[in-house]
Amino acid sequence: MMSHGYKPELSEGAVKCPIFQTSTFVFESAEDGKAFFEVAYGLREARPGEVPGLIYSRLNNPDLQILEERLCLWDEAEAAAVFESGMSAITTVLLEFLHPGDLLLYSMPVYGGTEHFILEVLPKYNIQGIGFRPDHTREDMIRLVEESGRKDRLRLVLVETPANPTNDLFDLRLCREVADHFSRSEERVLVTVDNTYMGPLWQHPIQHGADLVMYSATKYIGGHSDVIAGAVLGSTELITRVKTLPTFLGNMAGPWTGWLLLRSLETLKVRMEQQAENAGVVARFLKDHPKVENVYYLGLIPENSPQYAIYKRQCSSPGAMVSFEVKGGEAEAFRFLNNLKMIKLAVSLGSTESLAEHPATMTHAGLQPEHQREIGITPNLVRISVGVENHRDLVYVIGNALEKV
Ligand SMILES: *Cc1c(COP(=O)(O)O)cnc(C)c1O
């Protein structure tokens, strides 16, 4: 992965890929320029062995192309597209594949920004979204679609698993089955997975039947809380479609973002593995603590539950996200957060430093109170994204903050 897609001889022998901070690229001849545009604008198919030429950084740029090739290796995908944020990756997929009158089936809860787009923006284009829960069976999901009155217009199933912040798991095989059930001979219903919470190391949705995988690369892929970015991966055919809109919306990533992510990818595995190891220590400490009620962590799912079977099938690690309830209510949760040393009180996740937040009033503040209750976001719930610090320090500061409650 670390040298894939980059040729030092094309960049003065530089060991590392430079930042191609340029808006436009010089053509060697007018014929070259013509050929590059023909392929880029889809006026003709690329000839065998013909490499797409560099034109203009809204269409392509070496930092982004190399990053896309490297991202493909993690998910064993054919192609990738990188964006200036996770939200632009997700919304571009929704806008590309949904048409007025269509139906979208989505797992509940999804990331707040995604939910807002589904509930507030898509209806403007007469696109309806209906949500399903982790305990819904195949029959429940089929009934939801049939009762919507738009069963012939289901075109996309969007899944976020594990769900944020409670770590509920959705069965990707089931989502594939439901999508296949409603697929028409002329068009397959697509399954797209927001894999931000687990990927790209611990869960590979394409292997479980997904057509597209989406990321907020701001999280684990970036991993240092210093860049906002997104990515989508899938077959060449689908990614060619995903890349159409950015040409006109201009929401592709810039070269500097691409370069930062190339750098981040080199330590992705060591960072994520250390984070997961630390999270295991933190979760076990919390589980036995007298001031803590419920701990939501994939490594603590009871072995006889249906959730455990999904976990074993889909995830290769319990990850580094731990949510738990401090005994009491909002006041007790706030007292814990206000007394945390070293662990920063901030939203976002997947970074080298540990971050703690209060879902009910922060990341999930936009949800109606009854909806919050339904999906387990209680006033005493706290979420921690565990970083790479020494886990003895983490347990020490968490223990001290709990003492203050
Ligand atoms: C953060 C996040 C997003 C949004 O990504 P941005 O990079 O902030 O635009 C989408 N989905 C999930 C699961 C996230 O955690």
Side-chain angles (χ1 to χ4, degrees), residues 67 71 75 80-95 104 106-122 129 131 134 156 158-170 172 192-203 205 210 212-233 242 246 249-254 256-258 260-261 264 272 275 296 298 314-315 319-323 346-351 355-359 362-367 375 377 383-387:
L67 172 63
L71 281 173
D75 274 296
V82 285
F83 292 85
E84 204 57 25
S85 70
M87 279 316 300
S88 53
I90 295 165
T91 54
T92 300
V93 166
L94 295 175
L95 290 176
L104 164 74
Y106 69 98
S107 62
M108 223 166 37
V110 281
Y111 180 73
T114 310
E115 169 154 304
H116 181 90
F117 194 80
I118 293 171
L119 297 181
E120 307 293 330
V121 181
L122 289 181
L156 201 59
L158 186 156
V159 197
E160 193 179 310
T161 180
N164 175 14
T166 50
N167 277 328
D168 282 329
L169 293 168
F170 287 88
L172 294 176
T192 184
V193 177
D194 182 337
N195 199 33
T196 302
Y197 240 58
M198 279 278 120
L201 189 59
W202 299 319
Q203 180 171 265
L212 292 166
V213 184
M214 312 183 289
Y215 289 103
S216 166
T218 310
K219 314 296 166 55
Y220 286 106
I221 295 177
H224 295 73
S225 298
D226 56 7
V227 62
I228 300 275
V232 184
L233 295 98
V242 170
L249 296 175
N251 58 350
M252 71 301 146
W256 174 228
T257 298
L260 279 170
L261 295 182
S264 289
M272 289 181 78
Q275 287 178 254
Y296 302 108
L298 296 183
Q314 288 177 189
C315 313
M321 297 300 294
V322 182
S323 294
V347 298
S348 198
L349 60 103
S351 185
L355 300 175
E357 66 113 6
H358 185 247
M362 296 170 193
T363 45
H364 296 72
L367 302 182
I375 62 179
I377 301 175
R383 184 188 83 177
I384 300 187
S385 167
V386 181

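We count ligands from 1, going down the list as the structure has it; atoms in each ligand are counted the same way.
Under the 3.5 Å distance criterion, the side-chain polar atoms of Thr257 are left unmatched by any main-chain donor or acceptor of Ala229. Checking side-chain atoms of Thr196 against main-chain N and O of Ser216 turns up a donor-acceptor pair under 3.5 Å.
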Between Glu84 and Asn251, is the side-chain hydrogen bond (donor to acceptor under 3.5 Å, both in side chains) condition met? List the steps. CA-CA 6 Å; Glu84 204 57 25; Asn251 58 350; over 6 Å; no
Could you walk me through whether Tyr215 and Asp75 pass the side-chain hydrogen bond (donor to acceptor under 3.5 Å, both in side chains) test, one step at a time? CA-CA 11 Å; Tyr215 289 103; Asp75 274 296; 2.6 Å; yes
Go through it in stages, so that I can follow the logic: the residues are Ser351 and Lys219, the test is side-chain contact (heavy atoms from CB on, under 4.5 Å), and I'd like the CA-CA distance, side-chain angles, deciding distance and then a yes or no. CA-CA 6 Å; Ser351 185; Lys219 314 296 166 55; over 6 Å; no
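Below 3.5 Å of separation, one finds an N or O of Gly86 facing an N or O of ligand 1.
Looking only at protein heavy atoms, the nearest one to atom 2 (C) of ligand 1 is Lys219 NZ, 2.5 Å. Remark: minimum distance from atom 7 (O) of ligand 1 to any protein heavy atom is reached at Thr218 OG1, 2.6 Å. The protein heavy atom nearest to atom 9 (O) of ligand 1 is Met87 N, 2.8 Å.
Between Ile228, Val347, Asp194, it is Asp194 that holds the heavy atom closest to atom 13 (C) of ligand 1. By heavy-atom distance, the residue among Tyr197, Tyr111, Tyr220 lying nearest atom 10 (C) of ligand 1 is Tyr111.
Ile90 counts as a contact of ligand 1, since one of its heavy atoms falls under 4.0 Å from the ligand. Ligand 1 is approached by Ala229 to a heavy-atom distance shorter than 4.0 Å.
The contact set between ligand 1 and Glu160, taken as ligand atoms under 4.0 Å from a residue heavy atom, comprises 13 (C). Numbered from 1 in the order shown, with element, the atoms of ligand 1 that lie under 4.0 Å from a heavy atom of Ser216 read 1 (C), 2 (C), 3 (C), 4 (C), 5 (O), 6 (P), 7 (O).
Between the side chains of Thr114 and Asp194, not a single donor N or O lies within less than 3.5 Å of an accepting N or O. Between the side chains of Tyr111 and Asn164, no donor-acceptor pair is found at a separation under 3.5 Å.
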